[in-house]
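First listed ligand is number 1; within each ligand, the first listed atom is number 1.
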Amino acid sequence: MSHKLDQLLDELKKDLSGVTQKEKVLDIKSKYLGKKGPIADIMSGLKNASLEEKKEIGSKVNIVKDQIQDLITHKLSEIESSEINETLKTSQIDITYRDYVKQTDTMHAGFHPLSAIKREIEDIFVSMGFEVLDGPHIEEEFYNFDALNIPPSHPARDMQDTFWFHDKDSTEEKKRLLRTHTSCVQVRGMLKRKPPFRFIVPGKVFRAEKIDASHEAVFHQVEGMLVDKNISVANLIYFMKVALREIFKKDVEVRLRPGFFPFVEPGFELDVKCLICGGKGCSVCKQSGWLELLPCGMIHPNVLKAGKIDPEIWNGFAFGMGLDRLVMMRFGIDDIRNIHGADLRFINQFKSY
Ligand code: DAH
């Protein structure tokens, strides 16, 4: 019997040698292990054997059955890896292939509404001669506050709830924080240039705010700064009106109200006539007919000095736009949390921008 089983294995090896197709291997497998195969034959021949014989032969047959299975599995994986190697040799990936765009609409790329508006605003200001600057999110206390005419004990510091990187009693020389506004890039920008110049700084800002439909702890601003000679409030209004007309794609009516920001003097809140109701009063403008949109003002002489610019010769204006607010108004989004929600059902609505 042992001899017969050994023979079986030899025959199987012969059958398998040279086979290159998986289907063929599976046929061979059923030839040996199938219901009508030699193994099944031997087992049914044991029907009338003694218990002793059944035990002995049965366990030998099981060992051979396992060996047959191993040989088959080994052969199948041999064929599979040679198939893979063959494909790798012959197929090349065409990285310019774009057909998938047609197959599934959801894979079509597009800008997030916030990036779309940011890029649009950058283009508008670049066309008016502004540079686009960047700055660090982790900022030094000096640039975020001191250089902007907000000394340590100044009450204006409390206007912005700050994420600090040090504890209260730290004696570290350079205390760091997550920038609370993009205004901190004003002095960084000034120190690197000679007037006249004009730049904008779009970017993320961070405040320890309670989050609701109109407040996020992370939001976006576009800072702007223009330094030249004999700049007046009229220049500020002109630039803001032109920029807002381009952003909203229609003429906007603006008004200035006094506003307090230590880094500008005088400081203003620039309002636009409500774009939704045209000034009649609606829920968006809280029935006032005006939307508070753009804090701005004439740069405080102390800020120019911090930027190593002589305020006797040069002056200018600065402004800080809330980018998320603009996106919400432009697209009719009523909850700021959607902007950062990463919900594709929301974001995909703006694919064409
Ligand atoms: N940094 C101010 C804030 O986040 C906004 C601001 C006000 C920026 C007046 C300016 C400005 O440049 O002139 O609340």
salt_bridge(E78, K75) N-O dist < 4.0 Å: yes

Salt-bridge contact D15-K31 (side-chain N to carboxylate O under 4.0 Å): yes

Qualifying side-chain hydrogen bond (donor to acceptor under 3.5 Å, both in side chains) pairs, either residue in residues 242-270, two or more places apart: E120-K249, E253-K273, R255-D271, R257-D271, R257-E292

Contacts of K241 that satisfy side chain to side chain contact (heavy atoms under 4.5 Å, CB included) - sequence neighbours left out: I237, V254

Which residues share a side chain to side chain contact (heavy atoms under 4.5 Å, CB included) with M328, sequence neighbours left out: I333, I336, I339

First-shell residues of ligand 1 [heavy atom, distance under 4.0 Å]: Q160, H181, S183, Q186, R207, Q221, E223, F261, F263, V264, P295, C296, G297, A318, F319, G320

Parallel, tilted or perpendicular: rings of F350 and F346 (30°, 60°): perpendicular

